[in-house]
There are 2 protein chains.
Amino acid sequence: MTDGNGVTPLDGHLGYWLRFVSNQVSHAFATKLAARGVTVAEWVVLRELFERDAVAPSALAERLGMTRGAISKLADRLATKELITQGPDPARLPHDRRYQTLALTLDGRALVPELSALADRNDAEFFGHLDPGERVVIEEAMKGIVRRLGLRSVPVE
Amino acid sequence: MTDGNGVTPLDGHLGYWLRFVSNQVSHAFATKLAARGVTVAEWVVLRELFERDAVAPSALAERLGMTRGAISKLADRLATKELITQGPDPARLPHDRRYQTLALTLDGRALVPELSALADRNDAEFFGHLDPGERVVIEEAMKGIVRRLGLRSVPVE
DNA sequence: GCGCGATAGTTTCCTTGTCAACCACTCAGG
DNA sequence: CCTGAGTGGTTGACAAGGAAACTATCGCGC
């Protein structure tokens, strides 16, 4: 797996191909989302809030593998777009005023299924032609890696 | 593939898993490279220059899927670290003074095999346990996607 | 009750990339 | 010639995230 120089070519690494394709997929998705005025990171947050309404910023940071600072700014952006609301945690009030809660607005909630359709389309464009066997192998391999290395989210160093 | 809401779960997309793993791989690699004071983008440039000495910035931009502006700044950084040299294109001189050429310094050239070893190790950590069959399926699927969609590099919109 | 450490969130600074305007240079047509 | 279109490279404004310092708040131990 080395060339004449004793140095592995870039594309000799599986990681190279994964990165290449993954970047393309994300980029294509970002373009689709941009038409709706949303970034990929914003989409992920919206999607997360759709599932479990009323989430604490730090919990989001944990789940999404971003820093609390990043979530803080992201939340501000989404609030400005009127897609989410920020407020004190009603479940904890009046006890702990440190906690915040993010939740979808009606607009935000209505938007998620539309964006989800874009995500489906995007995935199909890239992976739709794979035969089910291949698909399973790839998906299981990825899940296996995640499990084996105990990966949670990106920044956990 | 949809949950009760009629919305596909995030992890129902193959792209999600690819991105997840790919991010982890890159992040782990970035950490290893950081110990040598190099970023992933810089590594890719060094690796590219290692193969074909004397490359034009715009050619690099094309190959690596970055803008010319990004390469310009990246080259400055690498030059500051004395890993590459920037100069007029000797092959074209004295004809076209617009062309520039990037080339590794001796330090830069000596560094590549060391970084390559890190890349090998990183890839092995994540993918070393896959059996050869799985590996081939994944790699071929990725290459197939690249070929099928005529992908060249990220930004080609 | 008080103070001190932990914890949630915010803010500041830094890095790195894109985008778009810009400069320098070449060359082809009049 | 000289002008103008095209190309290679650089620069400046901006976006987005990470790291770390900072703020506000809480609750435990004395």
Side-chain angles (χ1 to χ4, degrees), chain A residues 19 23 26-27 30-31 33-34 37-45 54-81 84-102 153-157, chain B residues 19 23-24 26-28 30-31 33-34 37-45 54-81 84-102 153-157:
Chain A
R19 176 136 213 84
N23 279 348
S26 284
H27 189 259
T31 303
L33 286 178
V38 174
T39 68
V40 174
E42 287 166 7
W43 149 251
V44 175
V45 168
V55 172
S58 58
L60 264 185
E62 174 73 17
R63 285 185 63 81
L64 306 188
M66 300 175 64
T67 61
R68 290 173 316 186
I71 294 290
S72 183
K73 298 167 197 169
L74 222 172
D76 285 350
R77 269 178 271 151
L78 284 169
T80 305
K81 294 180 187 172
I84 71 171
T85 58
Q86 304 167 288
D89 188 339
R92 238 176 266 256
L93 255 179
H95 289 46
D96 198 330
R97 235 170 307 182
R98 286 170 304 182
Y99 287 72
Q100 292 288 308
T101 284
L102 308 181
S153 48
V154 176
V156 177
E157 197 147 356
Chain B
R19 175 138 214 81
N23 279 349
Q24 299 278 356
S26 283
H27 188 259
T31 303
L33 286 178
V38 174
T39 69
V40 174
E42 288 166 5
W43 149 250
V44 176
V45 168
V55 173
S58 59
L60 265 185
E62 173 73 17
R63 285 186 63 82
L64 307 187
M66 301 175 63
T67 61
R68 288 173 311 175
I71 294 290
S72 183
K73 295 167 192 170
L74 221 173
D76 285 349
R77 271 178 270 147
L78 284 169
T80 306
K81 294 180 188 171
I84 70 170
T85 58
Q86 302 168 291
D89 188 339
R92 237 176 266 255
L93 253 181
H95 288 46
D96 197 330
R97 236 167 309 181
R98 287 170 302 183
Y99 286 73
Q100 291 288 309
T101 283
L102 308 181
S153 47
V154 176
V156 178
E157 198 145 357

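Within every chain, numbering begins at 1; the chains are lettered A, B, ... in the order of the sequence lines, protein sequences first and strands thereafter.
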Undergrad: Take the protein atom CG of B:L33 and the nucleotide atom C1' of C:dT16, then report the distance between them rounded to whole Å.
TA: 16 Å
Undergrad: What integer distance in Å separates B:L64:CG from C:dT18:C1'?
TA: 15 Å
Undergrad: Nearest-nucleotide wise, let me know which of B:I71 and A:T39 is further upstream toward the 5' end of DNA chain D.
TA: B:I71
Undergrad: Rounding to an integer number of Å, can you tell me how far B:L60 CG sits from C:dG17 P?
TA: 13 Å
Undergrad: Quick check for you: among C:dT18, D:dG17, C:dG17, whose closest atom lies nearest to any side-chain atom of B:L74?
TA: C:dG17
Undergrad: Protein-nucleotides 4-6 of chain D N/O pairs closer than 3.5 Å?
TA:
from, atom 1, to, atom 2, distance (Å)
D:dG6, N2, B:R98, NH1, 2.6

Undergrad: Picking from D:dA19, D:dT10, C:dG9, which would you name as closest to the side chain of B:S72?
TA: D:dT10
Undergrad: Rounded to the Å, how far apart are A:D76 CG and D:dA16 P?
TA: 13 Å
Undergrad: List the atom of B:W43, the atom of B:L33, and the distance in Å for their closest heavy-atom pair.
TA: CB-CD1, 3.7 Å
Undergrad: Is there a donor-acceptor contact under 3.5 Å from the side chain of B:K81 to the main chain of B:G37?
TA: yes
Undergrad: Under 3.5 Å, is there an N or O donor on one side and an acceptor on the other linking the side chain of B:K73 and the base of C:dT15?
TA: no
Undergrad: Can you tell me how far C1' of C:dG17 sits from NE2 of A:H27, to the nearest Å?
TA: 12 Å
Undergrad: Can you tell me if the side-chain N/O atoms of B:S58 get under 4.0 Å from OP1 or OP2 in D:dG9?
TA: yes
Undergrad: Give the rounded distance in Å between these two atoms: CD of A:Q100 and C1' of C:dG9.
TA: 7 Å
Undergrad: Ignoring hydrogens, what is the shortest heavy-atom contact between A:L74 and A:A41? Give both atom names and the distance.
TA: CD1-CB, 3.9 Å
Undergrad: Taking the side chain from A:E42 and the backbone from A:T39, do they hold a donor-acceptor pair closer than 3.5 Å?
TA: yes
Undergrad: Side chains of B:L60 and B:M66: does their closest heavy-atom pair fall under 4.5 Å?
TA: no
Undergrad: Just compare C:dA8, D:dG17, D:dT11 and give me whichever is closest to any side-chain atom of A:Y99.
TA: C:dA8
Undergrad: By nearest atom, which of the nucleotides D:dT11, C:dT18, C:dG9 is closest to the B:A70 side chain?
TA: C:dT18
Undergrad: Please state how far atom CZ in A:R77 lies from atom P in C:dG9, giving the value in whole angstrom units.
TA: 17 Å
Undergrad: Kindly indicate whether the side chain of B:T85, heavy atoms from C-beta on, has any atom under 4.5 Å from the side chain of B:L102.
TA: no
Undergrad: Take atom CG of A:L78 and atom C1' of D:dA15, then tell me their distance rounded to the nearest Å.
TA: 15 Å
Undergrad: Please state whether the phosphate of C:dC23, meaning OP1 or OP2, lies under 4.0 angstrom from any side-chain nitrogen or oxygen of B:R68.
TA: no
Undergrad: Of the candidate nucleotides D:dG9, C:dT18, D:dT11, which contains the atom at the shortest distance from the side chain of B:M66?
TA: C:dT18
Undergrad: For the backbone of A:R68 and the side chain of A:S72, can you confirm whether one donor and one acceptor N or O come within less than 3.5 Å of each other?
TA: no
